[in-house]
Amino acid sequence: MDIIQIGSFTILLKWFLLGVAILFGIVLIKVLFLRLPNREENKAVFDLLTNSVFLGFFIWKGSLLLTDPSLVIKSPLSLLYFTGGRSGLILAIIFSIYYFIYKARKLDISMLVTLKYGLLFSFSVLSVYHFLSATFVEDNFIYHVLIGIYSLTNLILILVKKILSSYKSFFSVIVLFSFFKIILSLSLINESTVFIFSMEQWFFVGLIILSLYFWDRKLQ
């Protein structure tokens, strides 16, 4: 298992690569906002995005209380060194998305525009993470390359073709990506399952269901 030693901290390579990808996504959104008018609105959306990321990080770290409470009880400092792993990350993403949408509804800015930048950030993180994983992680090369290409394609289409013109187009992108991710993971990755699907696959099933539910509704 690939690990990286940073001082007294030991971190899995995949989590380090995820951190690099998230940093890239934040920088990309910041650069995009610098090129656009409405600086106050852009700052509000950027602050919301970064706050959601930080919230997700702390939830991911704190999720160790749920995934391995005995370790935390024996050694409370383990919260500094360990995380809740993949399950904790999924939990962090769910709460981050909820926080992002909940707070976005209170901003005096178009919800669709706010969601667009949230999706841009997500695809930028996914594309960078999977390309880095394909380069530095030995496992699942084809899977990482295909997800990276698909994510990068969506990122470019949103930036260049401006495909997110309505809520239906927004949810269509999410549904198509979720189906693609589930099919690829079922075909190329051997994961432990809970009622047919892995935890990550169930997350994307949930995204599909929510997207279909809000298909003809506006998030106000």
Side-chain angles (χ1 to χ4, degrees), residues 4 6-7 9 11-63 80 83-86 88-137 144 147-160 162-164 170 173-174 177 181 200 203-204 207 219:
I4 294 177
I6 304 176
F9 289 90
I11 183 172
L12 292 177
L13 176 60
K14 62 180 180 180
W15 300 139
F16 175 77
L17 297 181
L18 178 60
V20 172
I22 290 173
L23 180 61
F24 175 86
I26 291 174
V27 171
L28 175 64
I29 297 300
K30 184 66 174 180
V31 170
L32 289 176
F33 282 161
L34 290 176
R35 298 166 61 90
L36 296 173
N38 301 323
R39 293 294 178 86
E40 291 298 322
E41 292 184 358
N42 295 341
K43 183 179 184 302
V45 175
F46 183 77
D47 288 344
L48 173 58
L49 183 63
T50 53
N51 288 341
S52 300
V53 171
F54 280 114
L55 174 65
F57 174 76
F58 287 114
I59 291 175
W60 183 39
K61 295 288 288 184
S63 65
L80 295 177
T83 67
R86 185 178 292 272
L89 180 61
I90 293 173
L91 183 67
I93 292 173
I94 291 172
F95 275 96
S96 295
I97 292 174
Y98 174 80
Y99 175 84
F100 183 83
I101 294 176
Y102 175 78
K103 289 294 185 179
R105 294 173 63 183
K106 297 186 176 182
L107 296 178
D108 190 21
I109 307 171
S110 166
M111 173 63 81
L112 185 59
V113 171
T114 306
L115 292 175
K116 169 189 171 182
Y117 286 109
L119 201 58
L120 276 172
F121 170 77
S122 300
F123 280 129
S124 64
V125 171
L126 285 168
S127 59
V128 172
Y129 171 73
H130 284 286
F131 281 131
L132 288 175
S133 295
T135 303
F136 296 105
V137 179
H144 288 304
I147 294 293
I149 292 173
Y150 193 93
S151 301
L152 181 60
T153 301
N154 277 311
L155 179 64
I156 294 172
L157 287 175
I158 295 172
L159 287 173
V160 178
K162 303 184 186 300
I163 62 173
L164 297 185
F170 173 81
V173 171
I174 294 178
F177 177 78
K181 191 83 163 54
E200 183 175 321
F203 169 75
F204 285 102
L207 280 184
L219 297 172

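Ile93 has its side chain within reach of Phe203: a pair of non-hydrogen atoms, C-beta onward, lies under 4.5 Å apart. The shortest side-chain heavy-atom distance between Phe46 and Ile26 falls under the 4.5 Å cut-off. Considering only heavy atoms from C-beta on, Thr153 stays 4.5 Å or farther from Tyr150 through its side chain. Contact of the Val20 side chain with the Tyr129 side chain is not registered, since no non-hydrogen atoms from C-beta on lie closer than 4.5 Å.
Using a 30° and 60° split on the angle between ring planes, His144 and His130 fall in the tilted class, from 30° to 60°. Using bins of under 30°, 30° to 60° and over 60° for the plane-to-plane angle, the ring pair Tyr102/Tyr98 lands in the parallel bin.
When the salt bridge (charged side-chain N to carboxylate O under 4.0 Å, His left out) test is applied to Lys43, the partners found at least two apart in sequence or on another chain are Asp47. Remark: Glu41 engages no residue in a salt bridge (charged side-chain N to carboxylate O under 4.0 Å, His left out) (not counting sequence neighbours). Residues meeting the side-chain contact (heavy atoms from CB on, under 4.5 Å) test with Ser122, sequence neighbours left out: none.
The environment of OH in Tyr99 is crowded: more than 12 heavy-atom neighbours from other residues, nucleotides or ligands sit within 6.0 Å.
Minimum heavy-atom separation, Ile101 to Met111: O-CE, 3.9 Å.
When atom types are taken as modelled, the side chain of Ser127 and the backbone of Ser151 share no donor-acceptor pair closer than 3.5 angstrom.
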